[in-house]
Amino acid sequence: MYKILKLPRFSASFFVSVMVMLFLIVGTVTANHFVYLVEDSARQPGGTKANFVFFQWYAGAFLPGDSYYKLRWAAQDATVKGYMDSAIAVWQTQDDSLDIDWHGWEYITGWPQSGANIRVYHGDCITVPAARACFIRQSWSTMGTQNAQFWHQADMYIRTNLNPGTTAVPSFFAASMAHEVGHSYGLHERYLEGPPASCNNSESTIMDANKITGSPSVYDHCDSISGPTTTDKNRIEQLPA
Amino acid sequence: MAKSKIIFFGVVLLLMLGAAGIGQIAKLARGQQSPVPTPSYPVHPDDQHWVDQLQELPFSPVPYEGAPILRPDPTIVSMSQAERQQLAETLRQSTTLVYVSGPETAGSKITVVGKEIQLPPDIYVKAYIEEVMCDPIPDLHCPETPIYGLYTLKEDAHVRVEANGDVYTFSRDTEAEIEQDRNTFQFVLDALDTELKIDPYKSESSQ
């Protein structure tokens, strides 16, 4: 009798233990984490309005019919489309160790494309003609219940004319566009504000500024890079995969 | 019999402890051992206070009352796939789209250096500029962000209102145009108790 009962008691306990163990292990390794950004309150329209600002991948998911995140973008001409294609590509090289979907970019035709989450303009930044590039917010989605804001649409501007007597390294405009794409992920400037703006020598990041060196002068990115660094990637996602 | 019971419960206990331990190890590997992982990169001295605040943020996808407002780097919180889908659906149903640039902003309120300014119905925010990238040219004015680019709906007058409260007219060729900007946006100058400044830079070509 004892031997008959012993086996089931042991098996049940063993089974429960194994199940608990499997639950804990499986529960941790299958979690698909998503990172959201918390934004500088000074850059929220009207000052502090929300506790959290999610970066824009959610905005892409707002459209009915989407099964996953898509960030739709449009370009004013072939030149800036080319720079943007390159910028997206270099950011996607950071994809391997990230949880978020970096492949959600979708180019859509037509200009001006009102359905785009990001529109890429070729020309002077509105109101700041001296800027090489700028990032303009068009609209937010707000959610009062969680006191959160999600940006929905933005415009990028890039100016590709250079000052007289200067040239640029081949990767200069690609770097400028990659910098703007960094803003679309929620990153801020990392250079020392001016006037004039100056390079940040404490780290290597695509969110740094430009530099002009040599004679005749040559435009280059402060860190002579054309895409994001590990530092940039870490800022977007702090949690390990 | 007593010995086999001890061995049996010992094995069960070890399995339980092992399971719990593996779970914790996995959590540690995912960075959940503390509310916020310590940044692995150099922190700019100007940002240190943000990092300090960050350490106080709980590990939770749901903002809590009194949560500090932080800069986006270092980034911090994660959500599971299920939470993400649920939130996306909630957002779809409950969010309100707010325009911060474009004609929809005519007659809205803007806030500059803590002062709220009511725009007239015929003036709008053409551009809410969050970031600018400037060329490192001596004497080139690189504005503080965020910037409000204010225009009349007819686009016959415009100014740039910078984060520090400076108001600039730009891309103007004549005194008459500058005067028109000054007159049209006098209410902004009054609200910010400042004078209209002139940005001398003119782009030769945008292409």
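Note that the structure is predicted; figures quoted are calculated from it, not measured. Sequence lines set the chain letters: A, B, ... in the order given, protein chains first and strands last, and positions in each chain run from 1.
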In Å and rounded to the nearest 0.5 Å, what is the [atom1] to [atom2] distance from [X] to [Y]?
X	Y	atom1	atom2	answer
B/E130	A/E189	CD	CD	10.0 Å
B/M133	A/H183	CE	NE2	7.5 Å
A/M207	B/E131	CE	CD	6.5 Å
B/Y151	A/I126	OH	CD1	6.0 Å

In chain order, what residues pass the side-chain contact (heavy atoms from CB on, under 4.5 Å) check against A/Q138, with sequence neighbours excluded?
A/R119, A/I136, A/Q153, A/D155, B/S101
Can you sort out the partners of A/T166 under side-chain contact (heavy atoms from CB on, under 4.5 Å), two or more places apart, ordered by chain and number?
A/L162, A/N163, A/S217, A/Y219
What residue, out of A/A133, A/C222, A/A131, has the most heavy-atom pairs lying under 4.5 Å from chain B?
A/A133
Contacting moiety of A/S176, where chain B heavy atoms sit under 4.5 Å:
both
Residues in salt bridge (Lys or Arg N to Asp or Glu O under 4.0 Å) contact with A/K211, at least two apart in sequence or another chain:
none
Taking non-hydrogen atoms and a cut-off under 4.5 angstrom, which of residues 160-170 of chain B neighbour chain A?
B/R160, B/F170
Can you name the closest pair of heavy atoms from A/V128 and B/P143 and give their distance?
CG1-CG, 3.7 Å
Take a 6.0 Å sphere around CD of B/E155 and say whether it holds more than 12 heavy atoms from other residues, nucleotides or ligands.
yes
